Chemist: 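Quick one: the structure is below, and I'll ask about it shortly.
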Amino acid sequence: MAEKDIEKGDIENVAEPSRESSISTFVNSPKTRDQDDVDTKPEISQTTDKTALTNEKQAAASVKSSEGQSAKPVLRSERRGLLAHFALLPEVDEPKQYSRRTKWLITFIVAFAGAAAPAGSGILLPALQDIAGDLHTTPTITNLSVALYMLSLAIWPLWWSSFSETLGRRSIYLVSFALYILWCVLSAVSNSIGMFIVMRMLNGGASGSVQAVGAGTIADIWEVRERGRAMGIFYLGPLCGPLLSPIIGGALNERWGWRSTQWFCVIYGGIVWLAVLFGLPETLQNRKPITQAGTDRPSLQRTTTRESVQIKTKKWLVILRRFFVDPLRIILTLRFGAVALTVWLASTTFFCLYFLNISVQQVFAAPPYNLSSIIVGLLYIPNSLGYITASVFGGRWVDRIMRDKAERAQRKDKNGKLIFLPEDRMGKNAWVAAVLFPVSMVWYGWTAQKGVMWIVPMISNFFFGVSSMITFGMATTMLTEFMPKKASHGIAANNFIRNIFATVSGIVAEPMIRAIGNGWCFTIWAIIVAISGPMVIILMKRYGTHWRRKLDRELNQDEQ
């Protein structure tokens with residue numbers, strides 16, 4: 001089938017032109033719902049009238065987007081989400097019509113929050129030996145606090161993602177970070193290794209909400225044509241977190257001891273919670289009221305005892321399904337070829353990233369380098385510079401690649417707008433990453449093993465950061481677009497698999513490096529990713545459109 005022959009589902013799920021035009025017409029109508037509410041309010045008193053009128057006028061103020069459209073604000077009393085009336089940014093009916101400034105503010109808040117989970121893992125790396133000594137245990141047992149943290153970070157986002165599609169994004173952020181602060185406090189005051197490991201597991205589960213829900217927020221507010229750049233900026237948080245946190249952790253550990261690293265996380269979590277409370281409105285696109293299952297207003301008709309039992313049973317079945325079945329169903333999205341291959345590509349890259357993090361900590365603190373913990377922490381900067389470079393330029397690049405493919409194929413809807421397909425994001429960018437990533441791994445592995453001057457392996461780590469960021473940004477954006485109505489589900493499935501890979505990496509890295517050395521370790525992983533990358537690109541190019549259409553059909557059937 002030629003690329004011009006686009007199915008109806010492609011237009012509805014990717015371009016969504018009809019909805020945009022209808023929103024534009026509605027928003028530009030002479031009278032908004034908010035104004036209707038003002039006109040029909042009863043007059044109670046002069047003071048009440050003035051106060052109500054002022055509030056209504058403020059809520060009815062237009063929020064102009066960069067394209068000249070007006071986003072319709074929601075009345076403060078009708079805003080969704082936990083403590084919604086504290087949000088300084090108004091909720092709107094169509095989040096994609098926020099101004100670009102507002103979109104970037106939301107993106108930066110979510111990216112800042114997204115750094116908490118991986119930073120919580122990396123900040124402990126320089127302090128593991130001190131924790132083992134203080135809590136009277138072995139380094140191997142202490143390493144479990146990191147490995148089980150990552151395992152918890154893999155599992156809990158399944159629930160956060162499922163809940164966010166019904167309870168909203170804002171409520172999930174506020175609840176999860178309140179728990180994050182609590183578990184960090186208890187980690188800081190732990191007096192046994194058992195208590196510390198359990199608190200760290202709970203900490204990982206709480207902080208993992210942004211790993212799945214954050215990408216859903218980005219998909220809520222950004223159009224497909226510019227989502228690649230926004231996703232790249234968002235991903236700076238989760239990726240720079242584990243690279244900058246060892247620097248902070250090393251400095252804090254040397255000055256105040258390992259417990260100070262956990263108090264730092266408490267402060268960081270508090271800042272995130274306040275930023276979400278005041279700066280993040282609800283962005284879930286479905287404007288239906290966000291309520292708990294089974295809380296619909298009961299009928300006024302008389303019901304029999306049998307009917308009452310049936311209603312209550314149905315209510316509890318819905319609640320049980322939401323808490324135990326729906327989150328696990330997210331994993332089933334891996335049965336789709338497009339999702340499975342994208343997740344595999346991102347997960348193998350993530351495995352190598354954590355393997356490298358542990359290698360840097362192990363290699364440069366030992367002979368012949370013998371660097372202090374603070375200097376070792378600074379050696380993570382080249383990776384960060386690579387991430388930043390790829391985020392700033394790689395996001396724009398992938399958006400341009402997607403646009404060029406649509407223009408060459410002349411894929412347009414009836415309004416003349418280009419139709420963008422998720423699989424179009426795998427172009428030259430994917431091939432650059434597929435080549436640069438394994439080369440940088442082999443480069444680092446052998447130069448580190450041979451004790452070459454530290455700057456040589458650090459240069460390779462810069463290119464490692466660039467290539468891995470290209471892969472992460474591309475994969476994450478594609479997953480949100482494969483399932484546009486449930487963007488966080490694809491990210492949760494990806495997060496589940498990749499963090500399991502990271503957990504395994506954290507367990508096997510140290511003994512494997514000691515057994516065969518960095519050179520052969522990184523050569524083995526380089527061969528695996530050198531095969532995986534081109535394989536995924538070729539299969540996606542050949543079967544991606546077919547897989548996506550199959551995914552659309554099955555997801556639509558499930559919703560019906």
Side-chain angles (χ1 to χ4, degrees), residues 108-128 143 145-157 160 173 176-177 180 183-184 187 200-215 231-250 252 261-262 264-266 268-269 271-272 346-347 349-361 377 380-381 383-384 386-388 390-391 461 464-465 468-469 471-473 475-476 491-492 494-506 509:
F108 284 123
I109 290 175
V110 176
F112 183 69
S121 172
I123 201 169
L124 274 186
L125 292 178
L128 290 176
N143 285 339
S145 65
V146 177
L148 294 179
Y149 178 97
M150 296 304 300
L151 183 62
S152 182
L153 194 59
I155 296 173
W156 274 99
W160 294 129
Y173 291 137
S176 63
F177 271 91
Y180 173 80
W183 306 137
C184 284
S187 296
R200 289 285 297 166
M201 286 182 63
L202 294 173
N203 189 342
S207 63
S209 62
V210 192
Q211 300 290 295
V213 183
M231 198 67 73
I233 298 299
F234 159 68
Y235 234 90
L236 272 179
L239 286 178
C240 286
L243 298 179
L244 296 178
S245 57
I247 302 174
I248 300 172
L252 291 174
T261 64
Q262 300 306 290
F264 175 85
C265 291
V266 172
Y268 191 94
I271 295 173
V272 169
S347 297
T349 305
F350 207 64
F351 176 94
C352 296
L353 185 151
Y354 269 81
F355 203 97
L356 178 67
N357 286 347
I358 293 174
S359 174
V360 169
Q361 185 68 32
Y380 290 92
I381 291 178
N383 305 59
S384 300
Y387 292 141
I388 294 171
S391 294
N461 285 358
F464 179 95
S468 57
M469 183 62 207
T471 302
F472 289 134
T476 304
I491 304 301
N494 176 54
N495 185 77
F496 177 73
I497 299 299
R498 75 171 192 173
N499 278 301
I500 288 178
F501 275 50
T503 301
V504 174
S505 179

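These numbers were taken from a predicted model, which means no experiment stands behind them.
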Chemist: Just how far is it from atom CE of M150 to atom CZ of R200, taken to the nearest 0.5 Å?
Modeler: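 Separation between the atoms: 10.0 Å.
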Chemist: Do T349 and R498 touch side chain to side chain, with heavy atoms closer than 4.5 Å?
Modeler: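 A side-chain contact is absent here, since even the closest heavy-atom pair is not under 4.5 Å.
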Chemist: Please name all residues satisfying ring pair (Phe, Tyr, Trp, His ring centres under 6.0 Å) with Y173, sequence neighbours left out, ordered by chain then number.
Modeler: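 By the ring pair (Phe, Tyr, Trp, His ring centres under 6.0 Å) rule, Y173 matches no residue at all.
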Chemist: Give, for atom CG of N203 and atom CG of L153, the distance between the pair rounded to the nearest 0.5 Å.
Modeler: 9.5 Å
Chemist: Determine yes or no for a side-chain-to-main-chain donor-acceptor pair under 3.5 angstrom, with T476 supplying the side chain and G473 the backbone.
Modeler: no
Chemist: Which residue is it: Y380, F464, F351? I am looking for the one with a side-chain contact (heavy atoms from CB on, under 4.5 Å) to L356.
Modeler: F464
Chemist: side-chain contact (heavy atoms from CB on, under 4.5 Å), that's the test. Do C265 and W183 meet it? Break it down for me.
Modeler: CA-CA 10 Å; C265 291; W183 306 137; over 6 Å; no
Chemist: Which heavy-atom pair separates A147 from T503 by the least distance, and what is that distance?
Modeler: O-CG2, 3.3 Å
Chemist: If you compare all heavy atoms of P157 against all heavy atoms of A492, which two are closest, and at what distance to 0.1 Å?
Modeler: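 Minimum heavy-atom separation between P157 and A492: O-CB, 3.9 Å.
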Chemist: Checking W156 now: which residues fulfil side-chain contact (heavy atoms from CB on, under 4.5 Å) with it, not counting sequence neighbours?
Modeler: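 Here the qualifying residues are S152, W159, W160.
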Chemist: Only counting residues at least two apart or in another chain, list the ones meeting ring pair (Phe, Tyr, Trp, His ring centres under 6.0 Å) with F496.
Modeler: none
Chemist: With Y268, which residues qualify under side-chain hydrogen bond (donor to acceptor under 3.5 Å, both in side chains), at least two apart?
Modeler: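 For Y268, no residue satisfies side-chain hydrogen bond (donor to acceptor under 3.5 Å, both in side chains) once neighbours in sequence are set aside.
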Chemist: Which is it for V360 and N461 under the side-chain contact (heavy atoms from CB on, under 4.5 Å) test, yes or no, and what are the steps along the way?
Modeler: CA-CA 10 Å; V360 169; N461 285 358; 4.1 Å; yes
Chemist: Can you give me the closest heavy-atom contact between Y354 and S121, atom names plus distance?
Modeler: CE2-OG, 4.1 Å
Chemist: With side-chain contact (heavy atoms from CB on, under 4.5 Å) as the test, would you mind laying out the steps for V272 and V210 before giving the verdict?
Modeler: CA-CA 11 Å; V272 169; V210 192; over 6 Å; no
Chemist: Taking only residues two or more places apart in sequence, or in another chain, which ones meet S176 in a side-chain hydrogen bond (donor to acceptor under 3.5 Å, both in side chains)?
Modeler: S209
Chemist: Holding to side-chain contact (heavy atoms from CB on, under 4.5 Å), I want the full list of residues that pass it with A111, two or more places apart in sequence or in another chain.
Modeler: F234
Chemist: Any idea which heavy atoms bring A206 and Y180 closest together, and the distance?
Modeler: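 Distance-wise, the nearest heavy atoms are CB-N, 3.6 Å.
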Chemist: Out of curiosity, N495 CG to I500 CD1, how far, rounded to the nearest 0.5 Å?
Modeler: 9.5 Å
Chemist: To the nearest 0.5 angstrom, please state how far the CE atom of M469 sits from the OG atom of S391.
Modeler: 3.0 Å
Chemist: How close do A113 and F177 get, heavy atom to heavy atom, and via which atoms?
Modeler: O-CZ, 3.5 Å
Chemist: With rounding to the nearest 0.5 Å, note down the distance linking CG in L353 to CZ in F472.
Modeler: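 One gets 5.5 Å once the value is rounded to the nearest 0.5 Å.
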Chemist: Between S245 and P118, which heavy-atom pair has the shortest distance, and what is it?
Modeler: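 Shortest heavy-atom separation between S245 and P118 comes out as OG-O, 4.3 Å.
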Chemist: Evaluate the side-chain contact (heavy atoms from CB on, under 4.5 Å) criterion for residues F355 and F350: first the C-alpha distance (whole Å), next the side-chain angles of each, then the deciding distance (0.1 Å), finally the verdict.
Modeler: CA-CA 9 Å; F355 203 97; F350 207 64; over 6 Å; no
Chemist: What distance separates I155 CD1 from M201 CE, expressed to the nearest 0.5 Å?
Modeler: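 I155 CD1 to M201 CE: 7.5 Å, rounded to 0.5 Å.
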